[in-house]
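Worksheet: one structure, shown below.
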Amino acid sequence: GRLVYASFGSAGVLACDFKGNVVWHKSLGKLTHVFGQATTPVLYRNLLIVHRGPGEPTHLVALDRRSGKTVWTTPEAGKNHNLYGSWSTPVIHRVGDHDELIVSMPREIKGYDPATGKQLWKCGGLGTEVYTMPGVGEGLVVGISGHNGPALCMKLGGTGDLTTSNRLWLTPRNQQRVGSCVIHDGHVYLANATGIAQCLDARTGKEIWAKRLGGTLWGTMLLAAKRLYVTNKEGDVFVLNASPKFKLLARNRMGEHMKATVAPSDGQVFVRTYQTIYCIGQRRRR
């Protein structure tokens, strides 16, 4: 509630106050990749954790959120190649009696101790390109590859290599996927860049429905009040029932090119197009 954090790849990580004044700036070295960086920093207790990649070098780094001082760094394999890399933003999730930092990397999903950066487990089966955040919920993690690559689901819990023990299903080849999925009431909801939204059984991977919404779906699925919101590059915001029975509730045309996902805050919805930021709804103060 005091600072705004942003990561700019080779330009480093920045913390500003609410008036736009720079509180600290941390230079972490040059990143080299043909497509650049696209991960979002995440907050955990007194830490700001950044997945810096893909390319050379690739690493997870935790900074003191007040000062920018490096607390820990965990190196990962990276290369400057257009068919290799992860742009996955980590997810912090409570597993049993501890927290885990979960991130999709090339070829595998990994879990870390967010306080120390120590790797706790891994589960293999992903492709060499990953654009999405891991979908986490109901004791499950869903990892999705890009470039028509594999998708998999695993159950949480355990240490070491969990590929054999915890992986529930794997589909080796899929449509191109850029946006992340959500898990709700035993189902996985995701969008494909081909314009098709899907509902899968979370524990088996079986397709429940697949419906064409139109355009190029790049946005991540947002779940709110049992509804799904997803955007396409052509400027539409689709609203669906979060249900194993497909129902399209609305198609809202913003009229501008758009690659961002709808973002909620205090009862309002924020929509960012190439030219404009829209705020919809009345703020509900806590």
Side-chain angles (χ1 to χ4, degrees), residues 1-3 5 7 13 15 26 28 39-53 57-78 86-126 130 132-145 151-170 180-188 202-203 205 220-223 264 286:
R2 296 182 180 179
L3 297 176
Y5 304 95
S7 175
V13 181
K26 181 73 171 183
L28 293 167
T39 64
T40 299
V42 294
L43 289 166
Y44 177 73
R45 296 180 180 173
N46 66 318
L47 301 177
L48 181 76
I49 302 174
V50 185
H51 171 204
R52 295 191 78 239
T58 290
H59 59 135
L60 294 166
V61 60
L63 308 176
D64 184 287
R65 65 192 293 179
R66 295 175 294 270
S67 66
K69 180 182 178 181
T70 300
V71 176
W72 58 256
T73 183
T74 299
E76 294 289 341
S86 170
W87 293 261
S88 179
T89 293
V91 174
I92 294 172
H93 191 73
R94 189 74 174 175
V95 182
D97 61 355
H98 65 280
D99 297 323
E100 293 184 355
L101 180 81
I102 303 169
V103 59
S104 298
M105 303 297 283
R107 297 192 174 95
E108 53 199 8
I109 307 172
K110 291 185 174 183
Y112 306 82
D113 179 347
T116 66
K118 178 185 177 182
Q119 182 179 312
L120 303 174
W121 55 263
K122 64 180 180 180
C123 180
L126 292 181
V130 180
T132 63
M133 299 169 61
V136 183
E138 302 177 11
L140 305 174
V141 179
V142 174
I144 300 171
S145 309
L152 67 87
C153 178
M154 61 169 289
K155 58 184 179 180
L156 285 166
T159 58
D161 191 338
L162 304 180
T163 306
T164 301
S165 61
N166 286 38
R167 198 173 73 189
L168 299 178
W169 53 264
L170 181 146
S180 305
C181 68
V182 295
I183 301 172
H184 175 64
D185 281 351
H187 296 89
V188 178
R203 288 195 165 267
T220 286
M221 285 281 189
L222 167 69
L223 173 67
R286 296 177 182 177

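Looking at Leu222 and Val182, their side chains never come closer than 4.5 Å, going by heavy atoms from C-beta outward. Cys153 is not listed as a side-chain neighbour of Val188, based on a closest heavy-atom distance of 4.5 Å or more. Side-chain contact check for Arg65 versus Leu43: some heavy-atom pair is nearer than 4.5 Å. Between Val136 and Leu156, the closest side-chain pair of non-hydrogen atoms falls below 4.5 Å.
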Give the table of side-chain donor-acceptor pairs shorter than 3.5 Å for residues 111-118, with sequence neighbours excluded, one pair per line with atom names and distance.
{"unit_1": "Tyr112", "atom_1": "OH", "unit_2": "Glu76", "atom_2": "OE2", "d": "2.5"}
{"unit_1": "Asp113", "atom_1": "OD1", "unit_2": "Ala115", "atom_2": "N", "d": "2.9"}
{"unit_1": "Asp113", "atom_1": "OD2", "unit_2": "Thr116", "atom_2": "OG1", "d": "3.4"}
{"unit_1": "Thr116", "atom_1": "OG1", "unit_2": "Lys118", "atom_2": "N", "d": "3.2"}

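Note that CG of Leu152 is 8.0 Å distant from OG of Ser104, once rounded to the nearest 0.5 Å. Atom OG of residue Ser67 and atom CG of residue Leu63 lie 8.5 Å apart, to the nearest 0.5 angstrom. Asp99 CG to Leu120 CG: the interatomic distance, rounded to the nearest 0.5 Å, is 11.0 Å. In this structure, Leu168 CG and Leu140 CG are separated by 6.5 Å, a value rounded to the nearest 0.5 Å. The line from CZ of Arg203 to CD of Glu138 is 8.5 Å long, rounded to the nearest 0.5 Å. Atom CD of Glu100 sits about 11.0 Å away from atom CD of Gln119, to the nearest 0.5 Å.
Applying the salt bridge (Lys or Arg N to Asp or Glu O under 4.0 Å) test to Arg2 and every residue at least two apart in sequence or in another chain returns nothing.
In terms of modelled atom types and a separation under 3.5 Å, the side chain of Thr58 and the main chain of Gly53 share no donor-acceptor contact. At distances below 3.5 Å, at least one donor-acceptor pair connects side-chain atoms of Trp169 with backbone N or O atoms of Ala202. One N or O on the side chain of Asn166 and one on the backbone of Lys155 form a donor-acceptor pair closer than 3.5 Å. With Thr163 contributing its side chain and Gly124 its backbone, the two residues share a donor-acceptor pair below 3.5 Å. Formation of a donor-acceptor pair under 3.5 Å by the Ser88 side chain with backbone atoms of Thr132 is found in this model.
Other residues, nucleotides and ligands place no more than 12 heavy atoms under 6.0 Å from the NZ atom of Lys122. For CZ of Arg167, the number of neighbouring non-hydrogen atoms (other residues, nucleotides, ligands) closer than 6.0 Å is greater than 12.
Nearest heavy atoms, Leu162 versus Gly157: CD1-O, 3.9 Å. Heavy-atom minimum distance, Leu126 versus Ile144: CD2-N, 3.9 Å. Nearest approach of Val141 to Pro134, heavy atoms of both residues: CG1-CB, 3.9 Å. The minimum heavy-atom distance between Leu3 and Ala15, with the atom names listed, is CD1-CB, 4.3 Å. Here the shortest heavy-atom pairing between Trp72 and Leu60 reads CZ3-O, 3.6 Å.
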